[in-house]
Amino acid sequence: MAFVPTTSVIGTSTISEKAIRPVLQDGSAISHLDNAVAALTKGDKSATTQELKTGIAGLEAEAQAKPTSFKDKVLAQASKLKALLPLIPTGALGSGALGKAVSLAKLAAGGNQLEGILAAGSLLGKGSQLTSGLSSISGALSSLGGSTQSTGQSLVSTALATVGKLDQGGLVAKAAEPAAKTQISSVLNFVKGAL
């Protein structure tokens, strides 16, 4: 019986976190950046510019709203993306170059998201949020290629296998939590090095 209030308190905090989320538009900055690359590939310069500006603003807002040790890295990547804006109308920016810049921004944003979740304390029940952050990092790594990609993907897939257990509840989730924290920390250290 004593556990009932505790559960409802946890439930409430989760709801309030989710209520704040849409305001921060979690992940939407990334989708705008992806849209910018897609638009440039199609040759639509005005859509590229618009999506890139929206994505940059989203990155900056997220870094300010949920600052972690990745804040400066996110803002630095946002600045690099801003520097590309004048190249779009002239046709001097290729989709490959933009894609790589966007991937680095996604790495920084994914790191910021994961570190924010780690800093909040218990990871129990946060498997889907962690999976989302890790998947974003994985997608960004795939376009960077080389040894960075293979090392990073290996760390990410190990962490993904563990965080999936955090939403299972009970002893399985409790047993997975310490390993998940260690593995996510390894991913974050790797991402910092790659940036």
Side-chain angles (χ1 to χ4, degrees), residues 3-31 33-34 58-59 62-74 77 103-195:
F3 287 109
V4 178
T6 318
T7 313
S8 68
V9 170
I10 290 167
T12 314
S13 75
T14 311
I15 291 163
S16 66
E17 271 176 39
K18 281 181 184 160
I20 296 163
R21 270 239 157 87
V23 179
L24 300 174
Q25 296 185 316
D26 246 9
S28 71
I30 299 302
S31 57
L33 295 176
D34 286 336
L59 280 179
E62 224 162 276
Q64 302 291 359
K66 295 186 286 187
T68 68
S69 68
F70 277 86
K71 178 182 172 180
D72 290 343
K73 294 190 180 295
V74 174
Q77 295 305 325
S103 291
L104 290 169
K106 284 160 80 169
L107 269 186
N112 192 53
Q113 181 190 350
L114 284 177
E115 190 164 285
I117 297 168
L118 273 187
S122 170
L123 299 182
L124 299 179
K126 293 182 180 168
S128 58
Q129 290 175 43
L130 292 165
T131 299
S132 156
L134 287 165
S135 299
S136 173
I137 287 172
S138 173
L141 286 169
S142 62
S143 59
L144 294 176
S147 60
T148 304
Q149 179 190 345
S150 51
T151 310
Q153 295 291 18
S154 162
L155 289 169
V156 168
S157 41
T158 304
L160 278 170
T162 308
V163 301
K165 298 173 185 170
L166 294 171
D167 288 345
Q168 290 177 23
L171 293 173
V172 175
K174 281 184 180 153
E177 189 180 22
K181 282 186 175 172
T182 304
Q183 290 160 7
I184 290 165
S185 295
S186 298
V187 170
L188 291 176
N189 288 334
F190 174 80
V191 168
K192 275 185 183 163
L195 290 168

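- Within the 3.5 Å criterion, the main-chain N or O of S132 finds no donor-acceptor partner in the side chain of S136.
- Among all heavy-atom pairs drawn from K71 and P67, the shortest one is CD-CB, 3.8 Å.
- Shown here for A108 and V74, the closest heavy-atom pair between the two residues is O-CG2, 3.5 Å.
- Between atom CD1 of residue I184 and atom CG of residue N189 there is a gap of 12.0 Å, rounded to the nearest 0.5 Å.
- Here the CD-CD distance, from Q129 to Q113, works out to 7.5 Å after rounding to the nearest 0.5 Å.
- When only modelled atom types and interatomic distance are considered, S138 and Q153 share a side-chain donor-acceptor pair under 3.5 Å.
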*Show your working on side-chain contact (heavy atoms from CB on, under 4.5 Å) between L188 and L118 and close with a plain yes or no.*
CA-CA 10 Å; L188 291 176; L118 273 187; 3.7 Å; yes
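- In terms of heavy atoms, A120 sits closest to K126 at CB-NZ, 3.9 Å.
- Side chains of K192 and S69: a donor on one and an acceptor on the other come within 3.5 Å.
- Side-chain atoms of S157 come within 3.5 Å of backbone atoms of S154 as a donor-acceptor pair (strictly under, hydrogens ignored).
- Residues V163 and L123 form no side-chain contact, since every pair of their non-hydrogen atoms from C-beta on lies 4.5 Å or further apart.
- Here I117 contributes atom CD1 and N112 contributes atom CG; the two are 10.0 Å apart, rounded to the nearest 0.5 Å.
- Atom-to-atom distance recorded for L144:CG and S150:OG is 11.5 Å, nearest 0.5 angstrom.
- Residues L195 and Q77 share a closest heavy-atom pair of CD2-NE2, 3.9 Å.
- Residue A140 comes nearest to S103 through the heavy atom pair CB-O, 3.3 Å, listed as atom of the first residue, atom of the second, then distance.
- Exactly one of V156, L141, I137 qualifies for a side-chain contact (heavy atoms from CB on, under 4.5 Å) with F190. That residue is L141.
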*asked:* Walk me through whether L59 and L33 qualify under side-chain contact (heavy atoms from CB on, under 4.5 Å).
replied: CA-CA 10 Å; L59 280 179; L33 295 176; 3.9 Å; yes
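- In this structure, T162 and A179 approach most closely via the heavy-atom pair CG2-CB, 4.0 Å.
- Separation of atoms OG (S122) and NZ (K181) is listed at 6.5 Å; rounding is to 0.5 Å.
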*Report the C-alpha distance between L166 and E177 in whole Å, list the side-chain angles of each, state the deciding distance to 0.1 Å, and finish with yes or no for side-chain contact (heavy atoms from CB on, under 4.5 Å).*
CA-CA 7 Å; L166 294 171; E177 189 180 22; 4.1 Å; yes
